[in-house]
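Scroll down for the structure; my scribbles are underneath it.
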Amino acid sequence: MKIATWNVNSIRQRQTHVLDWLKRNEPDLLLLQETKCEAHQFPAQVFEDAGYVCNVVGQKSYNGVAILSRQPVDVLARSLPGLNDPEPPARYIEVRLGTLTVGDLYLPNGNSGGAAGFQGKLEFFDALERHAAVMLREGRDFILAGDYNVCPTDRDFAPGALPPTDALVRPESRAAFRRLLWLGLTDAVRALHPDETIYTFWDYQAGAFHRDLGLRIDHLLLSPRVAERLTSAAPDREERAMQQPSDHVPVMITLD
DNA sequence: ATGGCTCCTAAGAGGAGA
């Protein structure tokens, strides 16, 4: 079974990239973030024609998540449980495929909106941690994957790519990510590649990709039994070299 | 380089992104 996550930075701009990537890689599930349109604007038909079912949570202009699947799935949630927001942003969708629960998340960046913006990032993390704890207690098999907007350690960004005050490397952000690991979740890419320099994002500016000034911020976290099935995990770096790419690349795992 | 691009909306620049 193959499961991938990809922040596409506008699905309408990246429709052909995603379609071509699906055909080349044939994942069972593709988790998208930053689709940047309302659900009715999502180009579902082109993916359905390629054999994928689309479940979309959208809003105007910003955010937006979607899960594309070869098989129909049950949608369990369209916002992150435990976030008390009457109009939650389009940052979470959760589906069930067989006995596997899969949450697709787009965590707030946390650099905009001042102190309140950063606080919102930490609140999303807190709700995610509580939700993960509940699922573990219930003995469920699950994956929480997407754009976490955190470089977990200093190994996860190129020296000089970010100032130490950036919300992606702030100690509070990293502590929140570590708390998910301490619950018993496995960072799929790092578990299989403990010592490699691996990035999933390169800024559009200043030739960041060419200079390999990247970040590792897109992650797949696995519950214990799912982690036992993990056989591969890697970003598709080549996608960043395409014409008019997203600034993120897909990250895919394989489960036995 | 204190955002150097690329999205969005909307018809002007400006905000968000990381």
Side-chain angles (χ1 to χ4, degrees), chain A residues 5-18 31-43 56-66 85 87-92 104-125 128 145-177 189 197-219 235 237 239-251:
Chain A
T5 178
W6 194 1
N7 178 322
V8 290
N9 187 17
S10 172
I11 189 60
R12 290 178 292 179
Q13 294 296 321
R14 231 63 67 193
Q15 170 179 326
T16 304
H17 297 73
V18 173
L31 283 48
L32 302 175
Q33 304 90 37
E34 276 208 275
T35 49
K36 287 189 169 177
C37 64
E38 296 179 83
H40 74 270
Q41 299 173 303
F42 190 97
V56 177
V57 171
Q59 70 181 78
K60 192 174 182 179
S61 305
Y62 301 116
N63 306 324
V65 289
D85 190 337
E87 289 186 29
R91 290 181 176 274
Y92 190 80
D104 172 13
L105 61 109
Y106 175 44
L107 220 133
N109 172 296
N111 279 310
S112 63
F118 187 62
Q119 188 59 31
K121 176 176 196 164
L122 298 183
E123 287 169 4
F124 195 103
F125 255 126
L128 191 63
D147 181 355
Y148 277 77
N149 268 319
V150 173
C151 307
T153 73
D154 285 348
R155 172 171 302 167
D156 298 309
F157 70 103
L162 290 174
T165 54
D166 194 284
L168 279 65
V169 295
R170 289 259 302 257
E172 301 95 321
S173 306
R174 288 175 160 182
F177 186 83
V189 167
T197 297
I198 299 174
Y199 303 135
T200 65
F201 165 95
W202 295 261
D203 199 287
Y204 287 123
Q205 299 184 70
F209 181 60
H210 179 70
R211 297 156 63 200
D212 201 20
L213 294 180
L215 316 175
R216 191 174 77 92
I217 54 177
D218 301 276
H219 309 298
R237 188 187 170 95
E239 195 64 33
R240 188 64 178 79
M242 305 287 268
Q243 293 296 312
Q244 285 148 1
S246 171
D247 40 7
H248 299 246
V249 294
V251 185

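We name chains A, B, ... by the order of the sequence lines, and we start the count at 1 in each one.
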Below 6.0 angstrom between ring centroids: does that apply to A:Tyr148 and A:Phe177?
yes

Is [X] touching bases, backbone alone, or none of the nucleic acid, heavy atoms closer than 4.0 Å?
| X | answer |
| --- | --- |
| A:Asn149 | sugar-phosphate |
| A:Tyr106 | sugar-phosphate |
| A:Asn63 | nothing |
| A:Asp218 | nothing |

So, is A:Gln244 close to the B:dC7 phosphate, meaning a side-chain N or O under 4.0 Å from OP1 or OP2?
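For B:dC7, neither OP1 nor OP2 has a side-chain N or O of A:Gln244 closer than 4.0 Å.
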
So does A:Ser112 get a side-chain nitrogen or oxygen closer than 4.0 Å to the phosphate oxygens (OP1/OP2) of B:dG15?
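Checking A:Ser112 against B:dG15: no side-chain N or O falls below 4.0 Å of OP1 or OP2.
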
For atom [atom1] of [X] and atom [atom2] of [N], their distance in whole Å:
| X | N | atom1 | atom2 | result |
| --- | --- | --- | --- | --- |
| A:Leu162 | B:dA1 | CG | P | 16 Å |
| A:Asp147 | B:dA16 | CG | C1' | 13 Å |
| A:Gln13 | B:dT9 | CD | C1' | 13 Å |
| A:Lys60 | B:dG15 | NZ | C1' | 15 Å |
| A:Gln59 | B:dA16 | CD | C1' | 12 Å |
| A:Phe118 | B:dG17 | CZ | C1' | 16 Å |
| A:Glu38 | B:dT9 | CD | C1' | 12 Å |
| A:Lys121 | B:dA16 | NZ | P | 15 Å |

Which comes earlier along DNA chain B counting from the 5' end, the contact point of A:Ile217 or that of A:Lys36, where each point is its nearest nucleotide?
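In this pair, the answer is A:Lys36.
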
Taking the nucleotide of DNA chain B with the closest heavy atom to each, which residue, A:Arg14 or A:Glu34, is nearer the 5' end?
A:Arg14

Any chance the side chains of [X] and [Y] put a donor and an acceptor closer than 3.5 Å?
| X | Y | answer |
| --- | --- | --- |
| A:Asp218 | A:Asn7 | no |
| A:Asp147 | A:Gln33 | no |
| A:Asn9 | A:Tyr204 | yes |

Rounded distance in Å between the [atom1] positions of [N] and [M]:
| N | M | atom1 | result |
| --- | --- | --- | --- |
| B:dA13 | B:dT2 | P | 26 Å |
| B:dT9 | B:dG4 | C1' | 23 Å |
| B:dA1 | B:dG12 | C1' | 26 Å |
| B:dA10 | B:dT6 | P | 23 Å |

Taking the side chain of A:Arg12 as its heavy atoms from C-beta onward, which of B:dT9, B:dC7, B:dG17 lies nearest to it?
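Out of B:dT9, B:dC7, B:dG17, the nucleotide with an atom closest to A:Arg12's side chain is B:dT9.
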
So if I take every side-chain heavy atom of A:Ser61 and compare against B:dG17, B:dT9, B:dC7, which nucleotide ends up nearest?
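Of the options given, the side chain of A:Ser61 lies nearest B:dT9.
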
Report yes or no: does [X] contribute a side-chain atom to a donor-acceptor pair with the main-chain N or O of [Y] at less than 3.5 Å?
| X | Y | answer |
| --- | --- | --- |
| A:Gln59 | A:Ala90 | yes |
| A:Arg14 | A:Val8 | yes |
| A:Ser173 | A:Ala167 | yes |
| A:Arg216 | A:Val189 | no |

Decide, yes or no, whether a salt bridge links A:Arg91 with A:Asp104 under the criterion of side-chain N to carboxylate O below 4.0 Å.
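A salt bridge is absent here (no side-chain N lies under 4.0 Å from a carboxylate O).
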
Set out, in order, the CA-CA distance, both residues' side-chain angles and the distance that settles salt bridge (Lys or Arg N to Asp or Glu O under 4.0 Å) for A:Arg240 and A:Asp212, then state yes or no.
CA-CA 11 Å; A:Arg240 188 64 178 79; A:Asp212 201 20; over 6 Å; no

Restricting both atoms to N or O, compile the protein contacts to nucleotides 11-14 of chain B shorter than 3.5 Å, with distance only.
none

Among residues at least two apart in sequence or on other chains, which ones pass ring pair (Phe, Tyr, Trp, His ring centres under 6.0 Å) with A:Phe209?
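A:Trp202.
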
Between the protein and nucleotides 3-5 of chain B, which nitrogen or oxygen pairs come in under 3.5 angstrom?
| residue | atom | partner | partner atom | Å |
| --- | --- | --- | --- | --- |
| B:dG3 | N2 | A:Asp203 | OD1 | 2.9 |
| B:dG3 | N2 | A:Asp203 | OD2 | 2.5 |
| B:dG3 | N2 | A:Gln205 | NE2 | 2.5 |
| B:dG3 | N3 | A:Gln205 | NE2 | 2.0 |

